[in-house]
Each structure stands twice: as structure tokens, then as C-alpha cells.
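Quick notes on the structure that follows.
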Amino acid sequence: MLLPQINDPEQLKSLSIDELTTLAEEIRRFLIEKLTATGGHLGSNLGVVELTLALHYCYNSPRDKMIYDVGHQAYVHKILTGRQDRFDTLRKYQGLCGFVKRSESEHDVWEAGHSSTSLSAAMGMAMARDLKGEDNKVIAVIGDGALTGGMAFEALNHIGHEKRKLMVILNDNEMSIAPNVGAMHNYLSKIRSDRHYLRAKDEVEGLLKKIPAIGGRLAKTAEQLKNSLKYMMVPGVLFEELGFTYLGPVDGHDLEKMIDTFHQADNVAGPVLVHVLTTKGKGYKPAETDFYKSHAISPYKIESGQALKAVGPPMYTEVFGETLIELGREDSRLIAVTPAMPGGSGLFPFAKEFPDRMIDVGIAEQHAATLCAALAMEGMKPVYAVYSTFMQRAYDQIVHDICRHNANVMFAIDRAGFVGADGETHQGVYDVAFMRHIPNMVMMMPKDENELRHMMKTALEYNDGPIAYRYPRINGTGVAMDPELHSILIGSWERLRTGEGYAVVACGPMVQVAEEAADLLKREGIQVGVVNARFLKPLDNSMLLDLAHAGTNMVVIEEACQAGSLGSSVLEFYAENEIYDARVHLMGVPDIFVEHGSIKEQRQETGLTVEALCARIKSMMALSAYNYKTTSSS
Ligand SMILES: Cc1ncc(C[n+]2csc(CCOP(=O)(O)OP(=O)(O)O)c2C)c(N)n1
Ligand SMILES: CC(=O)[C@@H](O)[C@H](O)COP(=O)(O)O
Ligand SMILES: [Mg+2]
């Protein structure tokens with residue numbers, strides 16, 4: 001076995017092609033075996049085994065900067081850079097991160113998690129290199145899916161203009177998470193599949209080489225001929241026209257061909273794009289055939305590739321997907337728009353019934369938002385189905401195109417709150433803070449999956465502007481579902497329990513935490529009220545006034561950043577209403593990035609637990625008893 005001996009990429013340089021090929025197979029086997037226990041981005045990583053080997057064989061990391069777009073396909077890079085012994089901890093609390101992580105290794109030079117940032121990073125590193133007078137290589141590996149992200153085009157435009165030396169490796173497996181979409185995808189597929197293209201390309205290149213270097217007028221004609229022939233036949237002409245030298249397409253599983261192509265690329269003065277063709281899930285049949293499931297797979301059975309069945313009630317996402325079909329049948333104006341996450345957002349069932357009303361725009365959250373604004377302004381009922389974390393990309397479009405127009409867009413914000421194994425780049429904890437302050441926005445969060453359904457109905461029947469509902473990446477509570485859906489009064493909270501002097505104001509899954517804490521405290525004779533703060537905007541002003549006038553000691557608990565979310569808005573409300581003696585304690589996500597682990601561990605790390613809430617209530621009681629004693633004795 002070669003793999004156990006490899007703990008530094010330098011060791012690859014002395015291996016033969018045959019040995020590298022053997023090593024590739026060992027890495028593939030290693031990935032398949034390790035990920036049965038940990039889960040992770042199996043398909044993407046199986047597809048880049050040879051590509052990553054060839055990169056580390058040809059170049060000198062970390063001096064040569066290797067930048068992985070999204071970074072979900074960097075497991076092979078981690079294996080080759082001394083971390084194979086940590087793979088049992090992959091995506092686990094305080095274990096190996098599932099994405100590139102600078103604190104893990106000097107070879108990890110650029111972190112991501114969100115797509116399409118690698119080309120901008122490469123441009124920045126190339127520019128810095130040149131300004132410092134250094135000569136290291138800068139290499140960005142970007143997938144065909146990530147290439148549909150707007151940022152990638154912004155960077156291509158700039159790189160082609162600057163013409164600095166850097167290499168872009170386009171890892172084209174025709175897949176995003178679902179099959180890739182868009183005109184760029186079609187263009188790449190044509191290159192991939194058009195055999196005439198590829199044969200003619202070799203003939204044209206052979207012909208071009210035969211045109212001898214000649215002087216005088218003829219040279220100009222020859223050059224023009226060369227360019228027009230190249231224009232017609234070189235497949236990557238789009239990139240050539242943007243200022244790149246295009247090399248490829250090359251088989252991304254053929255080590256020798258890739259190494260040769262990389263050496264060719266080294267002789268190119270300016271930016272070069274190497275188009276590499278790979279197979280997502282390569283070498284593991286279940287991953288090659290079910291590329292969607294193997295993109296981000298939970299632990300699975302090795303023989304079948306089937307994920308180990310998660311137990312419990314359906315995920316919120318599944319309830320959303322099913323309910324959207326009910327609403328879609330009721331209102332033909334309903335259109336679902338997703339930026340490249342049809343599966344993760346639960347839209348495949350909806351798409352099956354309404355194929356023309358589920359629009360996947362690719363990794364294009366900004367475009368998706370403005371598209372929805374225009375759809376709404378033209379009388380449609382668009383549902384912008386998006387992960388909280390990825391929606392961060394579309395902040396300006398939400399302000400500028402949706403809310404300012406007061407466009408009647410429905411936001412279905414999935415992965416709201418902690419997401420678990422994807423960690424800090426994917427936590428859905430900022431959307432309340434960045435949306436509630438935008439004029440015209442209405443924002444809800446259900447306490448359970450049954451209330452989610454009613455919120456979806458509320459959103460569909462609401463015609464006065466943008467309205468959002470957010471829900472977590474967890475199983476529902478198993479609550480019985482009401483067969484009939486009804487609208488909820490906008491801005492109305494729900495008092496679930498009355499208390500004696502103390503109340504917890506909670507939203508989303510924190511309502512369940514509050515209920516459990518109230519049960520525990522009740523056993524100690526402490527009656528704590530529980531309020532389901534199901535509207536994050538507008539707040540339930542009358543309930544807030546009642547709570548304050550009753551002298552209630554309140555705890556606002558939410559799985560969102562404490563700065564700027566529900567708790568902040570409650571404090572703002574009391575200040576605005578000159579109620580300066582309102583007793584409010586905030587429990588939210590503190591001012592840190594919460595790394596990967598389970599959602600349970602993330603809540604423990606941030607104190608969003610039943611135990612912490614009980615302790616908080618008790619300390620508030622002790623404090624008010626102390627205050628009472630000191631004031632009554634003075
Ligand atoms: C801004 C943003 N939107 C969506 C995602 C979710 N996402 C992660 S990987 C991926 C597909 C990437 O496809 P590609 O770049 O082709 O990589 P592959 O997995 O095929 O190797 C998507 C949509 C993301 N990480 N970032
Ligand atoms: C890398 C990436 O951004 C996606 O693959 C993401 O990890 C999917 O998240 P879910 O597993 O929550 O759908
Ligand atoms: Mg891809």
C-alpha cells in the first residue's frame with residue numbers, strides 16, 4: 001500500500017505514473033470506506049482524485065497556491081497533505097472540517113463553503129505575488145456548477161483584462177448538486193460531447209502548427225487565418241475571447257494527459273484555463289449513478305450506497321415540499337425559484353407535478369431574487385426557495401428589487417438556524433438580522449411543521465408585499481397536521497403558557513426548548529410562561545406591552561445571531577415606547593462563527609439548551625430577590 005506512506009505531497013514527485021495510478025485507487029477506496037461512517041461530499045471528491053494527485057505532483061503546495069472553489073471537494077487534498085489519519089473525525093465536532101480550513105494546514109490557503117469565490121481569490125493572490133515580485137503559481141479549481149455563479153464571471157472578466165499569470169482548472173463533471181443548468185453548461189456540454197469538435201480541433205491545431213513563421217504581408221494574413229480557424233474550431237473560444245489560453249478538454253482521470261497539459265499550461269504567459277472532464281462519483285457505482293444523493297451524503301451502506309435511514313418525523317423541508325404542491329394546485333400563479341438547490345430545498349416533488357413552475361437558475365442567488373421581484377410585479381406568486389446562508393448573496397437584490405418595489409415575493413428560507421456538519425460557512429443565523437430591518441418585509445418562523453404549513457398558506461394569501469417564513473434543517477416535532485390550512489393574523493404571537501412573573505419569548509425550535517424548560521421548572525414550583533414569537537416582523541406589540549406592564553421578567557431565546565435578531569427588536573420596541581424598566585434577557589447565538597459538529601453540540605456550545613434556559617430563569621429570580629431585599633432594607 002502506498003497511501004499510508006504519504007504524509008507530504010513532496011513524496012508524490014518521485015512516484016511513477018503507474019504508482020500514481022495505484023495511489024489513486026487506494027485514495028478512492030479510502031474515501032469510500034471512511035465516508036460510510038462520516039458521510040460527506042462523496043461524489044465530488046471521488047471525481048477529483050486524479051486531478052488533485054496531478055496538481056500536487058506538478059506543483060509545490062503551499063508555495064504554489066491551490067484554491068478549491070466551494071472547498072467541498074478538497075478531501076483528496078487533505079489526504080495528500082498529512083491529514084488522512086484524521087478522517088474518522090470528518091465534519092464532526094472539533095474534528096476535520098468538511099471544507100478547506102487554514103487552521104488545519106499550511107496547504108489550505110483559501111477557505112470557502114460558498115460557491116464561486118475561487119477566481120477572485122486567485123486574482124488577488126496573483127496580483128499580490130506580482131506586486132511582491134514573487135513567482136509562485138496560483139491555481140484555482142472550479143467546478144462547472146460554481147462557474148454558473150455570478151462572482152465567477154466578474155472574476156473571469158477581470159482576470160482576462162489583467163492578463164496576469166494564473167491557472168484556472170475547470171472541473172467539468174456536468175453536475176452541480178443536481179444536473180447543472182444554464183447556457184454555460186450547454187456550451188461546455190457541446191465541447192464535451194461534440195466529437196467533430198474534438199477531431200477537428202486536433203486537425204486544426206495540426207494545420208496551424210504547419211503554417212511556418214513567415215515575414216511580410218503574408219504573416220498578417222496567416223495570423224488572421226489562424227485566428228479565424230481557431231475561432232471556428234477551438235472549443236474554448238469563449239474563454240479565449242475573454243483573454244485566457246484555453247487548453248483541453250482533457251480527461252480528468254488520465255494522470256499522464258493531465259500532467260502533460262499542466263506542463264503545457266506552465267509555458268503560457270498569461271491566464272490559462274484548463275478544461276478537465278471528470279465523472280462525479282468516479283469509481284463507486286452508487287455514487288456515479290445517483291450523483292444527487294452522493295453529493296452530500298449522510299453515513300451509508302458501502303455495498304449499496306444507500307444512506308442509513310434517518311429516523312423520526314419528516315424534515316421541515318419535506319413538509320414544505322409537499323405543502324407547496326397543495327398550494328400549487330390551488331393557485332396556478334405559484335412559481336418556485338431555486339438557486340441550484342432543487343433537491344436540498346425539497347422541490348423535486350413539486351417539479352414532478354409542475355415541471356414548468358420550478359425554475360432552477362443555477363448558483364445565482366442574486367439573479368433568483370430579482371427574477372422573483374419581476375415575476376411578482378407581473379402578477380405571479382413566486383416562492384424564492386433558498387438556504388438562509390446562501391441568501392446572504394442576495395442582500396442588495398432583496399432590498400433594492402424586492403422590498404423597495406414592495407414586490408409580493410414569498411421567501412421559503414430553509415436551513416434557518418444551525419445546520420450541523422457543514423459548520424460555520426453554512427449556519428443560517430444571520431437572515432433575521434439582515435431582513436427584519438428592511439421596510440415592507442414580513443418575517444415568520446413556525447414552532448412546528450404544522451404551523452409551517454399555515455404560514456405557507458398565510459404567505460400565499462398575503463398580497464401586500466414581501467413575506468418570509470424560515471425553518472430549520474431538522475426533523476419536525478411529529479405534531480398532528482391540520483388537514484385544512486388557514487391564514488395566521490399577521491403580527492400575532494401565541495401565548496402557549498402563562499407564568500408567574502417570568503416568561504420565555506421563543507421562536508422556531510426554541511419554543512420546544514422553552515416548553516421543556518417550563519416543565520422542568522414547574523416541578524420546582526416555578527411557573528414560567530411561554531410565548532411563541534412566530535412573527536419576527538412585525539412584532540406582537542400588544543403582547544409585548546402586556547408583558548412589560550405585568551412586570552414580567554422575560555428571556556428571549558432564538559437560534560439566530562443575538563445581535564440584531566428577535567431579541568434586539570424586542571429591546572428596540574421597549575425603548576421606542578419609553579418603557580425603560582422592561583426586564584429582558586437575550587439568549588441567542590453569540591458573536592462567533594460556530595464550527596461544524598451536530599446541531600445539538602452547536603446549541604450546547606452557544607448555550608441554547610433547556611439546562612441553560614432553566615439556569616437563566618433561576619439566576620433572574622435570585623437577582624430580583626436580591627434587588628427586592630436591598631431596596632426593601634434601604
Ligand atoms: C453561493 C452558494 N450557493 C449554493 C451552494 C451549494 N452548493 C454547494 S456545491 C454546489 C454544486 C457545485 O457544483 P460544482 O462546482 O460543479 O462542483 P461538483 O460538486 O460538481 O464538483 C452547490 C450548488 C454553495 N455552496 N454556495
Ligand atoms: C457544499 C454545499 O454547500 C452543499 O453541498 C451543502 O453542503 C448542502 O447542504 P445540505 O446537506 O444541508 O443540503
Ligand atoms: Mg460539477
Side-chain angles (χ1 to χ4, degrees), residues 39-49 51-52 68-76 91 97-100 111-119 140-152 169-182 184-185 188-189 192 252 276-282 287 291-298 307 310 315-317 338-347 360-368 385-394 414-428 471-474 596 599:
H41 290 91
L42 180 66
S44 310
N45 284 280
L46 287 173
V48 295
V49 173
L51 169 55
T52 313
Y68 295 91
D69 203 289
V70 183
H72 65 308
Q73 79 297 52
Y75 298 178
V76 182
R91 291 158 52 96
C97 178
F99 299 92
V100 174
E111 297 181 9
H114 285 194
S115 171
S116 318
T117 66
S118 64
L119 304 190
V141 179
I142 184 167
D144 57 299
L147 193 63
T148 62
M151 270 189 78
I169 296 176
L170 171 54
N171 170 32
D172 180 5
N173 55 21
E174 298 190 278
M175 292 293 151
S176 179
I177 291 185
N180 203 353
V181 295
M184 174 57 84
H185 165 68
L188 295 176
S189 298
R192 248 188 112 94
V276 173
L277 307 184
T278 61
T279 301
K280 196 158 187 174
K282 177 81 176 175
F291 43 78
Y292 165 65
K293 280 225 181 69
S294 71
H295 172 84
I297 194 166
S298 42
M315 300 279 283
Y316 275 83
T317 305
T338 172
M341 304 301 282
S345 297
L347 292 174
D360 179 355
V361 295
I363 306 181
E365 287 80 6
Q366 298 172 338
H367 167 60
V386 62
Y387 286 21
S388 164
T389 189
F390 301 141
M391 188 173 67
Q392 291 163 191
R393 279 278 167 89
D414 198 340
R415 278 40 173 203
F418 292 133
V419 294
D422 274 341
E424 60 193 272
T425 52
H426 286 63
Q427 304 293 20
Y471 46 96
R473 187 187 192 277
I474 57 175
H596 52 282
I599 290 175

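Hydrogens, waters and symmetry mates are skipped; everything else that's a heavy atom, side chains included, is used. Remember, it's 1-based here, ligands and their atoms both numbered in the order they're listed.
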Legend entry - Donor-acceptor side-chain pairing of Ser345 and Asp414 below 3.5 angstrom: no
Inset, instruction - May I ask you to check whether Arg473 has an N/O atom sitting below 3.5 Å from an N/O atom of ligand 2? - result: yes
Legend entry - Contact check, Ser176 vs ligand 1, heavy-atom distance below 4.0 Å: yes
Inset, instruction - Enumerate the atoms of ligand 2 whose separation from the nearest heavy atom of Phe99 is less than 4.0 angstrom. - result: 1 (C)
Legend entry - Of Met341, Gln392, Glu365, the residue whose pairing with Tyr387 passes side chain to side chain contact (heavy atoms under 4.5 Å, CB included): Met341
Inset, instruction - Could you tell me whether Arg415 approaches ligand 2 through its side chain, its backbone, both or neither, with non-hydrogen atoms closer than 4.0 Å? - result: side chain
Legend entry - Result of checking Thr52, Val48, Ile142, Asn171 against Tyr68 for side chain to side chain contact (heavy atoms under 4.5 Å, CB included): Thr52
Legend entry - Closest candidate by heavy atom, reference atom 7 (N) of ligand 1, pool Asn173, Thr338, Ile177: Ile177
Inset, instruction - For the pair His72 and His295, name the ring-plane relationship: parallel under 30°, tilted 30 to 60°, perpendicular over 60°. - result: tilted
Legend entry - pair Thr148-Ser176: side-chain heavy atoms closer than 4.5 Å: no
Inset, instruction - Confirm or rule out an N/O/S atom of Asp172, from backbone or side chain, lying less than 2.8 Å from the Mg ion (ligand 3). - result: no
Inset, instruction - Check whether any N, O or S atom of Ser44, backbone or side chain, sits closer than 2.8 Å to the Mg ion (ligand 3). - result: no
Legend entry - Subset of ligand 2 atoms that lie under 4.0 Å from at least one heavy atom of Asp422: 6 (C), 7 (O), 8 (C), 9 (O)
Inset, instruction - Compute the angle centred on the Mg ion (ligand 3) spanning OD1 of Asn173 and OD1 of Asp144, and express it rounded to 10 degrees. - result: 80°
Inset, instruction - Report the nearest protein non-hydrogen atom to atom 15 (O) of ligand 1: residue, atom name, distance rounded to 0.1 Å. - result: Ala146 N, 2.8 Å
Legend entry - Nearest candidate to atom 19 (O) of ligand 1, where distance is taken over non-hydrogen atoms, out of Glu365, Met175, His72: His72
Legend entry - Residue Phe390 vicinity, atoms of ligand 2 by number, heavy atom under 4.0 Å: 3 (O)
Legend entry - N, O or S of Asn180 under 2.8 Å from the Mg ion (ligand 3): no
Inset, instruction - Could you tell me how the ring of Tyr316 sits relative to the ring of Tyr471: parallel (under 30°), tilted (30 to 60°) or perpendicular (over 60°)? - result: parallel
Inset, instruction - Using distance alone, determine whether Asp144 and ligand 1 share an N or O pair under 3.5 Å. - result: yes
Legend entry - Proximity of Ile177 to ligand 2 by residue part, where a heavy atom lies under 4.0 Å: side chain
Legend entry - Close approach, Gln73 and ligand 1, non-hydrogen under 4.0 angstrom: no
Inset, instruction - Using non-hydrogen atoms of the residue, decide whether His114 is closer than 4.0 angstrom to ligand 2. - result: no
